[in-house]
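My questions all concern the structure below.
Each ligand, and each atom within it, is numbered from 1 in the order the structure gives. The analysis underlying the following values was restricted to heavy atoms, covering all of them including side chains, and did not include hydrogens, waters or symmetry mates.
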Amino acid sequence: MSLNVMNCTRCGKLCVRTVSEICPACMKELEVQYESCLHYLRENRGITLQELSDATGVSVKQIIRFIREGRISMVNAPNLTYPCEVCGTPIREQAICPSCRQRLMNDFNQAQQDEKRKDEAKQQQEGVSYQIKDRLRERNK
Ligand SMILES: [Zn+2]
Ligand SMILES: [Zn+2]
């Protein structure tokens, strides 16, 4: 048995380990999908993501992956957007829209503040219990 094998993350088949975590067959298939997206996009610049997916048979998810990988450029495709991962608003950059980003940031700050408050409360409690222990010790003297 060799450790130099893996399960392709795309089709699940056992194959020789590659750098991209997908098997050569899937890689080839993705390449064909990528080419057809690129080709179609070149001829139809006003196309939307859904239309591109319908026309090429490539899943929306995969096209988004191409976009995120920077392989498909949205510069020449003004109508190409993909949904924000949180609220679904059409966006053209990053994984989530600016308003969700803001909200996540606020949530994050809130969580940090909560954490700080919890720490302070804990410290106070510990302080109190030390005092009680001290008092008990004094009483036992
Ligand atoms: Zn595969
Ligand atoms: Zn959003």
Side-chain angles (χ1 to χ4, degrees), residues 1-140:
M1 201 175 127
S2 163
L3 286 174
N4 217 17
V5 292
M6 59 161 198
N7 284 310
C8 166
T9 54
R10 189 159 177 269
C11 69
K13 275 187 204 145
L14 200 68
C15 64
V16 176
R17 189 174 292 280
T18 64
V19 278
S20 58
E21 293 184 334
I22 59 172
C23 69
C26 281
M27 217 139 46
K28 214 177 212 171
E29 206 182 307
L30 279 185
E31 214 47 47
V32 172
Q33 290 190 347
Y34 169 65
E35 287 292 332
S36 70
C37 282
L38 210 61
H39 184 77
Y40 204 86
L41 206 57
R42 214 174 286 148
E43 318 254 288
N44 306 273
R45 295 197 162 186
I47 202 167
T48 64
L49 184 66
Q50 190 58 54
E51 283 166 352
L52 183 62
S53 170
D54 290 345
T56 56
V58 181
S59 71
V60 167
K61 227 165 131 188
Q62 183 56 53
I63 299 175
I64 293 174
R65 204 169 298 155
F66 286 145
I67 295 170
R68 295 248 177 87
E69 287 170 355
R71 298 183 72 190
I72 288 182
S73 162
M74 293 166 81
V75 175
N76 293 320
N79 293 329
L80 208 60
T81 57
Y82 51 85
C84 160
E85 278 184 2
V86 180
C87 70
T89 297
I91 47 173
R92 284 170 62 81
E93 55 181 6
Q94 306 203 14
I96 52 179
C97 71
S99 69
C100 283
R101 245 191 339 258
Q102 189 58 49
R103 210 171 54 226
L104 283 180
M105 200 78 110
N106 290 342
D107 282 358
F108 179 70
N109 288 339
Q110 190 67 45
Q112 272 195 331
Q113 275 171 13
D114 283 355
E115 206 55 42
K116 212 172 145 196
R117 224 170 290 145
K118 244 185 267 166
D119 269 2
E120 279 169 6
K122 208 174 137 200
Q123 270 168 12
Q124 266 176 11
Q125 256 175 17
E126 276 171 4
V128 169
S129 71
Y130 277 133
Q131 279 172 10
I132 294 173
K133 261 185 232 159
D134 282 348
R135 244 174 267 157
L136 282 174
R137 212 176 292 145
E138 271 169 31
R139 215 182 290 165
N140 286 338

Please note down the angle at the Zn ion (ligand 1) between SG of C8 and SG of C11, to the nearest 10°.
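Vertex the Zn ion (ligand 1), arms to SG of C11 and SG of C8: 100°.
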Only to 10 degrees, please: what angle do the SG atom of C23 and the SG atom of C26 make about the Zn ion (ligand 1)?
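If I round to 10°, I get 110°.
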When you draw lines from the Zn ion (ligand 2) to SG of C87 and to SG of C100, what angle lies between them, to the nearest 10°?
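The two atoms subtend 110° at the Zn ion (ligand 2).
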R101 side chain vs I96 backbone, donor-acceptor pair below 3.5 Å
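Present.
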Under 2.8 Å: N/O/S of C15 next to the Zn ion (ligand 1)
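Within the cut-off used here (under 2.8 Å), C15 places no N, O or S atom near the Zn ion (ligand 1).
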Distance-only, no hydrogens or angles: does the R17 side chain make a donor-acceptor pair with backbone N or O of V5 under 3.5 Å?
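Indeed, once roles are kept as given, a pair shorter than 3.5 Å links the two residues.
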Of all heavy-atom pairs between Q94 and Y82, which one has the smallest distance, and what is that distance?
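Scanning both residues, the minimum pair turns out to be O-OH, 2.7 Å.
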When you check the gap from the basic side-chain N to the acidic O, do R117 and D114 get nearer than 4.0 Å?
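Yes.
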